[in-house]
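Owing to the predicted nature of the structure, the values given are computational and were not obtained by experimental measurement. Start at 1 with the first residue, then count along the sequence.
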Amino acid sequence: MAYLIAMLFFCAAVGKSAQVPLHVWLPDAMEGPTPVSALIHAATMVAAGVFLVVRSYGFFLRVPSSLDVVAWVGGITAVFAATIAITANDIKKVLAYSTISQLGYMMMGLGVMGYTAGLFHLTTHAAFKALLFLGAGSVIHAVHTNDMWKMGSLAKQMITTAMTFFLGSLALAGIWPLAGFYSKDMILASALEHQQFALFGMGLLTSLMTAFYMTRACALTFMGEARERDRFAHAHESPWSMTIPLMVLAVLSVFVGMLLMSDHAVNRLFFWPGVPEIEESHWVMGLATGAAVSGIALGWMVYLSGMVNPQSVARAFKPLYVLFSNKWYVDELYEVLFIGPTQRLCRALAWFDDQVIDRVGVDGTGWVAERLTVLQAWLDDHVVDQGVDGTGWAVNTLGGWARRLQTGFVQNYLLMISLGFVLLIFWQIF
């Protein structure tokens, strides 16, 4: 279902391809058209791992400890990616790391026996994440940059894009009654019902950070003052081929959660035998909403109210800011643990291939074969050919000698017979 939702609006949005300059199609963060990014991040490729766990859920239920691994990997991923999104300045990178965080949220739901909750969140996420990516594409189309610090005040020029982006952000943050509210609440309720208190806390923290970085993205992109006047002056609302899909996805982001939760339809659509249905918990709803509202309020304080200077916050929490902005140094860690050793191994193998296999093996074999060929040619010329020629000479010489015995005179033949007879007699006597 999530795939169908994303595919439908990808087809509607791809019509903008003829109107977007090529350099806008290749953003630094994600090299590809924004409609493709929307489709990939909403429901297809990056969600394949979640879908694999969903399809293999029977195997996981046979080994319950494996679900603990799924839950903790999901919870850690949700928090980890959210911290990176907080400091990202590329609007598509914010959404990309948000996707990783939400996939972790889904995995956490599946790991705490929330089969229905995880699959429900996968479905609602397809609507509002596709909306957000297409909204980001609309903004990039207008200002020709991905850097949110070069934007600002675009809501004045792009009211449809801004309003739909705000709705998608609120849905992602989990604000009632939008789609993300219901699916996130079910995941948190599943964690609490199965007494996974640490994961429940990680889920609340992720909700707070999600609301914060989406408020930050909205504030830097659409609100406040324009930070580059030339870009702002040339910004304009996108054509209908781009805004209609945004409006349709915004409607889905508002109503798909309520529609599926009505009469508990979600428990019938996303059902696994033996997994209990998730009951609504009003105080879990209150905590989840409180976390989301706190994140929005914090984002408003830092990026809109002027009460707090973002640079001052970055300086006050410089170690964390540096850690998050450098993506926890995961790239550097990969460089040290995997890329560097792999490159050194490749260089060693290349040397072995060049110096041993090529030079000693291939070239050496060729050198030996060349020398053997010279020896074979000498043997053929001086031994085989001379042997053949010598045999011919010997036969010819012997034939010449034997030819002298053939005189054609009967007397000579009788003489030879007589001599032979005499020789036989002497041989018998002596």
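Between Leu103 and Thr77 the shortest side-chain heavy-atom distance does not fall below 4.5 Å. Under the 4.5 Å side-chain criterion, counting only non-hydrogen atoms from C-beta, Met261 is in contact with Met186. Side-chain contact between Met108 and Ile187: present, with at least one pair of heavy atoms (C-beta onward) separated by less than 4.5 Å. The side-chain heavy atoms of Val139 and Phe165, taken from C-beta on, include no pair separated by under 4.5 Å. A heavy-atom distance below 4.5 Å is found between the side chains of Val330 and Phe80. Annotation: side chain of Ile76 is in contact with side chain of Met202 (closest heavy-atom distance under 4.5 Å). Taking the side chain as every heavy atom from C-beta outward, Thr83 and Phe324 approach each other to under 4.5 Å. Taking 4.5 Å as the limit, some side-chain heavy atom of Phe133 sits within range of a side-chain heavy atom of Lys129.
In terms of heavy-atom proximity, Asn146 sits nearest to Lys92 at ND2-CD, 3.8 Å. Val143 and Arg231 get closest at one heavy-atom pair: O-NH1, 2.7 Å. Val112 approaches Ala191 most closely through the heavy-atom pair CG2-N, 3.7 Å. Here the shortest heavy-atom pairing between Ala127 and Leu252 reads CB-CB, 4.1 Å. Nearest heavy atoms, Ser138 versus Leu246: CB-CD1, 4.3 Å. The shortest non-hydrogen separation linking Ser101 to Thr206 is OG-CG2, 3.4 Å.
Within the 3.5 Å criterion, the main-chain N or O of Met148 finds a donor-acceptor partner in the side chain of Arg227. A donor-acceptor pair is defined here as one N or O able to donate and one able to accept, closer than 3.5 Å; no such pair exists between the side chain of Ser56 and the backbone of Val53. Asn326 contributes a side-chain N or O that, together with a main-chain N or O of Val322, makes up a donor-acceptor pair within less than 3.5 Å. Arg359 places no side-chain N or O within donor-acceptor distance of the main-chain N or O of Asp354, the cut-off being under 3.5 Å. Under the 3.5 Å distance criterion, the side-chain polar atoms of His194 are matched with a main-chain donor or acceptor of Ser190.
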Legend entry - side chain to side chain contact (heavy atoms under 4.5 Å, CB included) evaluation trace for Leu67 with Leu61: CA-CA 7 Å; Leu67 286 176; Leu61 288 175; 3.9 Å; yes
Inset, instruction - For Trp367 and Asp363, run side chain to side chain contact (heavy atoms under 4.5 Å, CB included): C-alpha distance rounded to whole Å, both residues' side-chain angles, the deciding distance at 0.1 Å, then the answer. - result: CA-CA 6 Å; Trp367 182 86; Asp363 295 344; over 6 Å; no
Inset, instruction - With side chain to side chain contact (heavy atoms under 4.5 Å, CB included) as the test, would you mind laying out the steps for Leu154 and Thr161 before giving the verdict? - result: CA-CA 9 Å; Leu154 290 178; Thr161 299; over 6 Å; no
Inset, instruction - Carefully, step by step, assess Phe338 and Tyr334 under the rule ring-ring contact (aromatic ring centres under 6.0 Å, His included). - result: CA-CA 5 Å; Phe338 302 107; Tyr334 265 75; 5.2 Å; yes
Inset, instruction - Could you walk me through whether Val374 and Trp378 pass side chain to side chain contact (heavy atoms under 4.5 Å, CB included), step by step? - result: CA-CA 6 Å; Val374 172; Trp378 184 88; 5.7 Å; no
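The neighbour count for Tyr413 OH, taken as heavy atoms of other residues, nucleotides or ligands under 6.0 Å away, is above 12. For Trp240, the CH2 atom sits in a loose shell: 12 or fewer heavy atoms of surrounding residues, nucleotides or ligands are nearer than 6.0 Å. By the neighbour-count criterion of 12 heavy atoms within 6.0 Å, atom CZ of Arg62 is sparsely surrounded, having that number or fewer from other residues, nucleotides or ligands. No more than 12 heavy atoms of other residues, nucleotides or ligands shown are found within 6.0 angstrom of CZ on Phe51. The number of heavy atoms from other shown groups lying within 6.0 Å of CD (Gln376) does not exceed 12.
For the atom pair OG (Ser169) and CG (Leu132), the distance works out to 5.0 Å, reported to the nearest 0.5 Å. Atom CG in Leu122 sits 10.0 Å away from atom CE in Met107 (nearest 0.5 Å). In this structure, the separation between CD on Gln196 and CZ on Phe200 is 12.5 Å, given to the nearest 0.5 Å. Going from atom OG1 of Thr210 over to atom CD1 of Ile296 covers 10.5 Å, rounded to the nearest 0.5 Å. Taking CE of Met163 as the reference point, atom CG of Leu167 lies at 6.0 Å (rounded to 0.5 Å). The CG atom of Leu134 sits 10.5 Å away from atom CG of Leu95, with the distance rounded to the nearest 0.5 Å.
Side chains of Ser183 and Thr124: a donor-acceptor N/O pair is present below 3.5 angstrom, by distance only. No hydrogens or angles considered: nothing links the side chains of Ser325 and Thr87 as a donor-acceptor pair under 3.5 Å. In this structure, a donor-acceptor pair under 3.5 Å is absent between the side chains of His236 and Gln157.
For Asn412, the side chain to side chain donor-acceptor pair (under 3.5 Å) partners are Thr407, not counting sequence neighbours. Every ring pair (Phe, Tyr, Trp, His ring centres under 6.0 Å) that Tyr115 has, sequence neighbours left out, goes to Tyr57, Trp272. Glu237 pairs by the salt bridge (charged side-chain N to carboxylate O under 4.0 Å, His left out) definition with nothing, not counting sequence neighbours. In this view, Arg55 satisfies the side chain to side chain donor-acceptor pair (under 3.5 Å) rule with no residue, not counting sequence neighbours. The side chain to side chain donor-acceptor pair (under 3.5 Å) search around Lys327 returns Asp331, not counting sequence neighbours.
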N/O donor to acceptor pairs below 3.5 angstrom from side-chain atoms of residues 212-223, sequence neighbours left out:
| residue | atom | partner | partner atom | Å |
| --- | --- | --- | --- | --- |
| Tyr213 | OH | Ser98 | OG | 3.0 |
| Thr215 | OG1 | Ala211 | O | 2.6 |
| Arg216 | NE | Ile86 | O | 3.2 |
| Arg216 | NE | Tyr303 | OH | 3.1 |
| Arg216 | NH1 | Ile86 | O | 3.1 |
| Arg216 | NH1 | Ala88 | O | 2.6 |
| Arg216 | NH2 | Ala88 | O | 3.3 |
| Arg216 | NH2 | Asn89 | OD1 | 2.8 |
| Thr221 | OG1 | Ala217 | O | 2.8 |

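Ring geometry, Phe128 versus His125: the interplanar angle exceeds 60°, so the pair is classed perpendicular (tilted spans 30 to 60°).
Taking the centre and axis of the six-membered ring of Tyr105, the NZ or CZ atom of Lys184 falls inside the cone set by 45° and 6.0 Å.
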